[in-house]
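The structure under discussion appears below in the form of structure tokens.
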Amino acid sequence: RYVPRRFRAFRNFILVITAVLLGTVLVLGWLSSKKVREVVTEDFNQQQLILARYAAKQIENSLDILRRDMVLLSHSLSAQHVDEPALRRIMLAAFPGIRDQGTLAIRYVNARGRATHVVDGRGYRTMPQSFWDREHLGRSGLKQNRDAVMVGDVVHTLYEDTAERLIMDMARPVWTNAASPSRAAKAGGLSGVLVFVLDAALLVEKTTVAVLSGKTGYAWVIDHKGVFLYHPEREFIGKNAFEVRKEKQPAISFAKINEIQKDLMLTGKEGASAYISGWHGGKEGRIKKLIAYSPVRLDPAAERRFWSVAVVAPVSEVEDSIHAIQVRQFLLEGIMILAIVLGGLILIGAMLRWSSSLSAEVEEKTKELRKSERQYRSLIENANDIIFTADRNGVITSINRAGLNFYRKSKDEIIGVNIGEICFNEKSALRQLTAIEEVFGTRNARQITYPVYIKGEEHWLSTSFNLLFEERSVPSAVLGISRDISLIKRKEKEEQMHHADKLASMGTLAAGVAHEINNPLAIILGFADMLMDRFKPDSEEYDILKTMEKQGLNAKRVVENLLSFARYTEYREEPVDVNQTIETVLSIVRNTLQLNKVSLK
């Protein structure tokens with residue numbers, strides 16, 4: 001039926017639901033837009049991290065190439081006693097191959113003289129040893145540096161009185177001709193030290209200058225002291241990264257980038273983050289930048305010395321792609337909002353038809369439910385088995401007519417009463433309560449058999465317990481179905497008694513048979529004993545008679561054991577020797593075991 005009051009309430013409900021859905025769509029749209037921004041930003045930073053790793057690896061490769069070239073050149077210098085013309089020829093031949101790697105000069109510091117041989121862009125020449133040359137000689141003589149390529153710190157200094165450069169030395173000892181540097185060291189054969197003078201800025205620039213992130217992003221490199229080795233802002237190169245930014249933009253806090261540099265980059269960490277900068281691409285002001293950084297392992301022997309490559313780009317690099325995604329997302333949200341509004345209107349319009357059909361359907365389903373309930377109750381009430389339900393504590397909550405008739409009690413006397421109080425002894429009640437607890441605990445069915453006493457008469461019940469559930473699989477009660485198996489139990493006892501009678505008859509028969517066997521055995525043993533007196537103990541006839549006697553005694557022992565086993569004794573309890581009992585049984589069956597080739601251990 002159409003009820004206006006109910007219709008208005010449902011219409012208001014639909015309007016509220018529509019408003020809630022609209023609000024949900026808007027909130028989810030905002031959260032989704034925020035998530036999209038985070039995902040796109042993270043993806044962009046991961047791409048920057050790949051670029052930073054690549055640049056760091058390229059710098060490490062350049063250093064490895066220089067180390068390899070230095071090792072080869074040191075071997076050439078130590079492979080033979082090199083005079084000055086040969087030394088000049090070897091160094092001039094080697095310099096062009098490493099010049100592109102940022103090498104400014106090759107220096108060979110002679111340990112047996114005071115001259116240093118130099119090859120650079122101006123050619124070959126000799127010059128007096130400097131303080132740094134003697135420093136390299138001293139370090140080369142140390143035990144830990146005998147076969148090492150020593151990488152020095154970057155020094156911002158005036159090189160060759162021409163221009164300020166970021167100079168870094170790479171040195172390796174050169175030993176006289178020997179099977180190994182260790183043997184040469186023991187013989188005191190330090191010939192000199194080979195030094196590559198490197199322009200650190202030139203070394204890293206050829207790799208990092210080509211790194212581009214997005215449209216305007218770039219890379220920069222700092223050494224383990226925080227000094228810029230490369231930066232697109234040329235005035236930054238050679239200056240401390242913690243100070244130069246503040247000098248350029250005093251009004252902006254660079255705490256975040258300083259923290260990233262100090263705690264992460266200079267400790268050899270790799271990662272991605274964001275910070276506030278004061279400029280980018282000619283524009284000044286507070287600009288948020290994304291940064292990814294990766295370490296350059298300068299010297300495998302010095303774990304704490306790291307350079308770090310950073311790739312940075314402004315957040316605006318990702319805003320275009322984010323904007324395109326957000327436009328599509330807003331269009332999708334608009335379509336969803338329109339669909340929700342139209343759906344609400346259509347739902348309200350269809351409510352009249354739905355409300356009229358709903359009444360008829362509910363009435364029909366109610367009739368079906370009542371019919372099903374009557375059938376269920378009829379099935380339970382007319383069942384021959386005892387059907388009942390109980391809660392977790394064993395309190396009966398329902399029982400059918402067969403149960404009431406069996407226990408000879410009324411419904412009020414059973415419902416609400418614990419199982420242990422209904423015609424059960426303590427052991428039977430405990431078994432049922434334990435089974436109920438296990439069914440609730442394991443959620444598996446249990447079946448038990450136990451006695452019940454009704455007005456002094458013993459009955460045996462076989463009960464199956466199953467768990468009943470409410471909504472959401474919450475256990476509510478246990479269903480018990482009991483069957484009276486007393487008749488089956490009585491038949492089993494009768495069969496046991498009949499079997500016992502048969503065994504008693506068999507015992508009587510065995511005793512008679514044993515008596516009949518004992519008489520001829522006694523005659524055989526008597527005559528065997530008489531005949532043995534007529535022969536000498538070492539004769540063949542005596543051995544035959546002795547064997548007959550032995551086998552006869554075996555037969556006699558078996559018959560005696562059979563009589564002992566079959567003899568009826570009154571029931572009594574007394575201590576027994578288990579080992580002796582086992583030996584008695586085994587003596588009866590030992591011949592059977594031997595005939596069947598069974599070995600007993």
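For Arg53, the salt bridge (Lys or Arg N to Asp or Glu O under 4.0 Å) partners at least two apart in sequence or on another chain are Glu270. Scanning for side-chain contact (heavy atoms from CB on, under 4.5 Å) contacts around Lys269 gives Leu264, Thr267, with sequence neighbours left out. The side-chain hydrogen bond (donor to acceptor under 3.5 Å, both in side chains) search around Glu164 returns His156, not counting sequence neighbours. Remark: Phe236 pairs with Phe228, His231, Trp279 by the ring-ring contact (aromatic ring centres under 6.0 Å, His included) rule, at least two apart or across chains. With sequence neighbours excluded, the residues that form a ring-ring contact (aromatic ring centres under 6.0 Å, His included) with His280 are Tyr218. Evaluation of the side-chain hydrogen bond (donor to acceptor under 3.5 Å, both in side chains) rule for Asp391 yields no partner, not counting sequence neighbours. Take Leu72 and apply the side-chain contact (heavy atoms from CB on, under 4.5 Å) test, not counting sequence neighbours, and it matches Arg68. With sequence neighbours left out, Tyr293 forms a side-chain hydrogen bond (donor to acceptor under 3.5 Å, both in side chains) with no residue at all. Applying the side-chain hydrogen bond (donor to acceptor under 3.5 Å, both in side chains) test to Tyr54 and every residue at least two apart in sequence or in another chain returns nothing.
Listed here is the closest heavy atom pair of Phe254 and Ile276: CD2-O, 3.8 Å. Taking both residues in full, the closest heavy atoms of Ala111 and Leu137 are given as CB-CD2, 3.9 Å, listed atom of the first, atom of the second, then distance. For Phe242 against Gly226, the heavy-atom pair with the smallest separation is CE1-CA, 4.2 Å. The minimum heavy-atom distance linking Ala241 with Asn258 is given by the pair O-OD1, 4.3 Å. Listed here is the closest heavy atom pair of Gln249 and Gly278: NE2-O, 3.5 Å. Taking every heavy atom of both residues into account, Asn444 and Val439 meet most closely at O-CG2, 3.5 Å.
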Test side chain to side chain donor-acceptor pair (under 3.5 Å) on Ser191 and Tyr108 and set out the steps. CA-CA 10 Å; Ser191 175; Tyr108 177 71; 2.7 Å; yes
Apply side-chain contact (heavy atoms from CB on, under 4.5 Å) to the pair Tyr124 and Glu84, showing each step before the final yes or no. CA-CA 11 Å; Tyr124 171 84; Glu84 184 171 348; 3.3 Å; yes
Let's go through Leu87 and Leu77 carefully: what are the C-alpha distance in whole Å and the side-chain angles of both, what is the deciding distance for side-chain contact (heavy atoms from CB on, under 4.5 Å) to 0.1 Å, and is it a yes or a no? CA-CA 7 Å; Leu87 181 64; Leu77 296 176; 3.3 Å; yes
Take Thr126 and Val118 through the test side-chain contact (heavy atoms from CB on, under 4.5 Å) and record every step on the way to the result. CA-CA 6 Å; Thr126 61; Val118 181; over 6 Å; no
Let's go through Asn110 and Thr116 carefully: what are the C-alpha distance in whole Å and the side-chain angles of both, what is the deciding distance for side-chain contact (heavy atoms from CB on, under 4.5 Å) to 0.1 Å, and is it a yes or a no? CA-CA 6 Å; Asn110 196 332; Thr116 298; over 6 Å; no
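At a threshold of 4.5 Å between non-hydrogen side-chain atoms, the residues Asp153 and His224 count as touching. A heavy-atom distance below 4.5 Å is not found between the side chains of Val155 and Met168. Proximity of Thr389 to Val478: side-chain heavy atoms (C-beta onward) are nowhere separated by under 4.5 Å. Side-chain contact between Val71 and Arg172 is present, with heavy atoms from C-beta onward closer than 4.5 Å. In this structure the side chain of Val221 never reaches within 4.5 angstrom of the side chain of Ser308, judged on heavy atoms. No side-chain heavy atom of Trp175 sits less than 4.5 Å from a side-chain heavy atom of Asp147. Ile106 is not listed as a side-chain neighbour of Val195, based on a closest heavy-atom distance of 4.5 Å or more. The side-chain heavy atoms of Ile260 and Ile291, taken from C-beta on, include a pair separated by under 4.5 Å.
Listed by first and then second residue, the salt bridge (charged side-chain N to carboxylate O under 4.0 Å, His left out) pairs involving residues 17-31 amount to none (not counting sequence neighbours). Applying the salt bridge (charged side-chain N to carboxylate O under 4.0 Å, His left out) test to every pair with at least one member in residues 131-141, sequence neighbours left out, gives these pairs: Arg107-Asp133.
One finds a salt bridge joining Lys248 and Glu233 here, because a Lys/Arg side-chain nitrogen approaches an Asp/Glu carboxylate oxygen to under 4.0 Å. Salt bridge status for Arg99 with Asp120: absent, with no side-chain N to carboxylate O gap under 4.0 Å.
Note: Arg125 CZ to Arg88 CZ = 12.0 Å, rounded to the nearest 0.5 Å. To the nearest 0.5 Å, the span separating CE on Met91 from CG on Leu73 amounts to 7.5 Å. Rounding to the nearest 0.5 angstrom, the gap separating the CG atom in Asn240 from the CD atom in Glu247 is 9.0 Å. Taken to the nearest 0.5 Å, the CD atom of Gln261 stands 12.0 Å off from the NZ atom of Lys256. Taking OG1 of Thr442 as the reference point, atom CG of Leu467 lies at 8.5 Å (rounded to 0.5 Å). Residue Ser277 holds its OG atom at 7.0 Å from CD1 of Ile252, rounded to the nearest 0.5 Å.
Checked against Ile59 for a side-chain contact (heavy atoms from CB on, under 4.5 Å), the options Leu229, Asp64, Val309 give a single hit: Val309.
Under a cut-off of 6.0 angstrom, the local environment of NZ in Lys246 is crowded, with over 12 non-hydrogen atoms contributed by other residues, nucleotides or ligands. Atom CD of Glu437 has 12 or fewer neighbouring heavy atoms from other residues, nucleotides or ligands inside a 6.0 Å radius. Counted within 6.0 Å of CZ on Arg286, heavy atoms from surrounding residues, nucleotides or ligands total 12 or fewer; the atom is thus considered open.
Side-chain contact annotation: Ser464 with Gln447, donor-acceptor N/O pair under 3.5 Å absent. If you check the side chains of Glu42 and Asn45, you find no donor sitting under 3.5 Å from an acceptor.
Checking side-chain atoms of Asp43 against main-chain N and O of Val39 turns up no donor-acceptor pair under 3.5 Å.
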Could you list the donor-acceptor pairs under 3.5 angstrom formed between side-chain atoms of residues 199-211 and any protein atom two or more places apart in sequence or on another chain?
residue, atom, partner, partner atom, Å
Asp199, OD1, Ala201, N, 3.2
Asp199, OD1, Leu202, N, 3.3
Asp199, OD2, Arg165, NH1, 2.7
Glu205, OE2, Arg234, NH1, 3.3
Glu205, OE2, Arg234, NH2, 2.6
Lys206, NZ, Ser62, OG, 3.3
Thr208, OG1, Val204, O, 2.8

